[in-house]
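Here is how names work: the chains are called A, B, and so on, in the same order as the sequence lines, proteins then strands, and each is numbered from 1.
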2 protein chains.
Amino acid sequence: MTKSAPRTRIQEKNRSTILEAGLDVFSQFGFRGSTVDQIAEAAGLSKPNLLYYFPSKEAIYLELLNSLLDTWLDPLRALNDDGKALPEILDYVKRKLAMARDFPRESRLFAGEILQGAPRIEDALKGDLKTLVDEKAQVIRHWIAAGKIKEVDPYHLIFSIWALTQHYADFDTQVRAVLGGQDPFPGAEHYLEQLFTSRLKP
Amino acid sequence: MTKSAPRTRIQEKNRSTILEAGLDVFSQFGFRGSTVDQIAEAAGLSKPNLLYYFPSKEAIYLELLNSLLDTWLDPLRALNDDGKALPEILDYVKRKLAMARDFPRESRLFAGEILQGAPRIEDALKGDLKTLVDEKAQVIRHWIAAGKIKEVDPYHLIFSIWALTQHYADFDTQVRAVLGGQDPFPGAEHYLEQLFTSRLKP
DNA sequence: CGTGCCTTTGACCACTTGGTCAAATCAAGC
DNA sequence: GCTTGATTTGACCAAGTGGTCAAAGGCACG
């Protein structure tokens, strides 16, 4: 599924440097707000040189977005029917929160795309994403039927986990402004654990 | 505090038409992603005519943003110490969710600004917003001390309300993609009521 | 009707932006 | 060191952009 793999070592290095720089710039300014020159400078390359490795600005953006979508959904894929229900869900929350802490740029890039109507990944949302969520909603319904957790709408449960964890990455500026610069993550982890335990524990 | 009030009726009308068009365009494409021509067309005016009413693209954006900030915080301002604690908080959640439903453009405009680091409203966040939240956090602490709700970090409680309600406006595309186009709001209201009741009811 | 002010516009400008291209440079095998 | 292909770059371009301006069109009021 990956595009023609880079052949030389230097290509591999430059391509990943560019993607890294692109993530930096795109996540901060959005697609239209970012310029090729900005990315080139962040990558330490000249603009024509950058365009030797990627055919266009959009190609960089798309490659970031697509490779992102996969890793972004990994924590949800790991939500398995085996194991106890509540700890499984709490683990998912923790994994998602850890991603917000450790990969805020990825979260923001994604958020920006969705915010603008997701014109470039609408199909993936209605396809792979919906399929995955439908599947996991079934898992949650089984847990409810088995009395392992309280009754709850599985879709809104998943939405609420997304919303609460990504908020700390996407709205970091606001959160830190209100907290006076304090690191929100330790408190957030404790808060979310309590919140979902109260709601779900039978 | 308002800029020189419009004098003639036609000025008043055109200015508000432009702001309406600006909200449409900015909320969809962000500040840098929007062009003056786009806004002018959406407003049914020529570009120079639009710039007769506002000195620049940024002036439109700033006026929207500032007038927004006020109305956006109104629901939180209405969170009062009198009345019973839990219904008061649930009302706040409902008001916030209603705003996400009825004013999604405003929510997205705000979200876009925060996402990019809030360069134009950082001061307001660290000032008015922080002051207001600090104040309401005190109210919540009193409720906890009086045993009216369970112990909870007031700041993360407020963040969680923001995150959960705004998610339905800001990530509307994603939510609807997963739900297959179904209206998420009725379900969301019920889910959020249950969630916060479980967590807070003593 | 005429006057003065508000409103509207076509033409224009300087600058930014994504992208191209031919020529130069470099690196590795012979 | 020579050749060949990969890499890098300076110069350039067409389109898009925010914003200006002088002139024209409306409109209310005497």
Evaluate the criterion side chain to side chain donor-acceptor pair (under 3.5 Å) for residue pair B:N14 and B:Y52; output intermediate values, then yes/no. CA-CA 10 Å; B:N14 277 343; B:Y52 171 73; over 6 Å; no

What's the [atom1]-[atom2] distance between [X] and [N], to the nearest Å?
{"X": "A:K13", "N": "C:dC26", "atom1": "NZ", "atom2": "P", "result": "15 Å"}
{"X": "A:Y52", "N": "C:dC26", "atom1": "OH", "atom2": "C1'", "result": "12 Å"}
{"X": "B:Q11", "N": "D:dC27", "atom1": "CD", "atom2": "C1'", "result": "14 Å"}
{"X": "A:Y53", "N": "D:dT9", "atom1": "OH", "atom2": "C1'", "result": "12 Å"}
{"X": "B:L45", "N": "D:dG25", "atom1": "CG", "atom2": "P", "result": "19 Å"}
{"X": "A:E12", "N": "D:dA6", "atom1": "CD", "atom2": "C1'", "result": "16 Å"}
{"X": "A:E41", "N": "C:dT17", "atom1": "CD", "atom2": "C1'", "result": "15 Å"}

Please confirm whether the backbone N or O of [Y] pairs with a side-chain atom of [X], one donor and one acceptor, at under 3.5 Å?
{"X": "B:N80", "Y": "B:D82", "answer": "no"}
{"X": "A:K57", "Y": "A:F31", "answer": "yes"}
{"X": "A:K130", "Y": "B:V178", "answer": "yes"}

Scan B:I10 against the nucleic acid and name what it touches under 4.0 Å (heavy atoms): base, sugar-phosphate only, or nothing.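 Here B:I10 touches the backbone only, sparing every base.
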
Counting any heavy atom closer than 4.0 Å, what does A:F54 reach on the DNA or RNA strands: base, sugar-phosphate only, or nothing?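 Touches nothing.
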
All pairs passing side chain to side chain donor-acceptor pair (under 3.5 Å) where residues 93-104 of chain B contributes a residue, at least two apart: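 Not a single pair qualifies under side chain to side chain donor-acceptor pair (under 3.5 Å).
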
Contact letters for nucleotides 10-18 of chain D, in which S counts primed atoms plus P, OP1 and OP2 and B counts the base, heavy atoms under 4.0 Å: B------SB

Closer than 4.0 Å, any side-chain N/O of B:N14 to the OP1 or OP2 of C:dC6?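 Result: no.
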
So, OP1 or OP2 of C:dT7: does either fall under 4.0 Å of a side-chain N or O from B:N49?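 No, no such contact exists.
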
Partner set under side-chain contact (heavy atoms from CB on, under 4.5 Å) for B:Q28, not counting sequence neighbours: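 Per chain and number, B:Q28 pairs via side-chain contact (heavy atoms from CB on, under 4.5 Å) with no residue.
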
Does the distance from a Lys or Arg side-chain N to an Asp or Glu carboxylate O, for A:K47 and A:D37, drop under 4.0 Å?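 A:D37 and A:K47: salt-bridged.
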
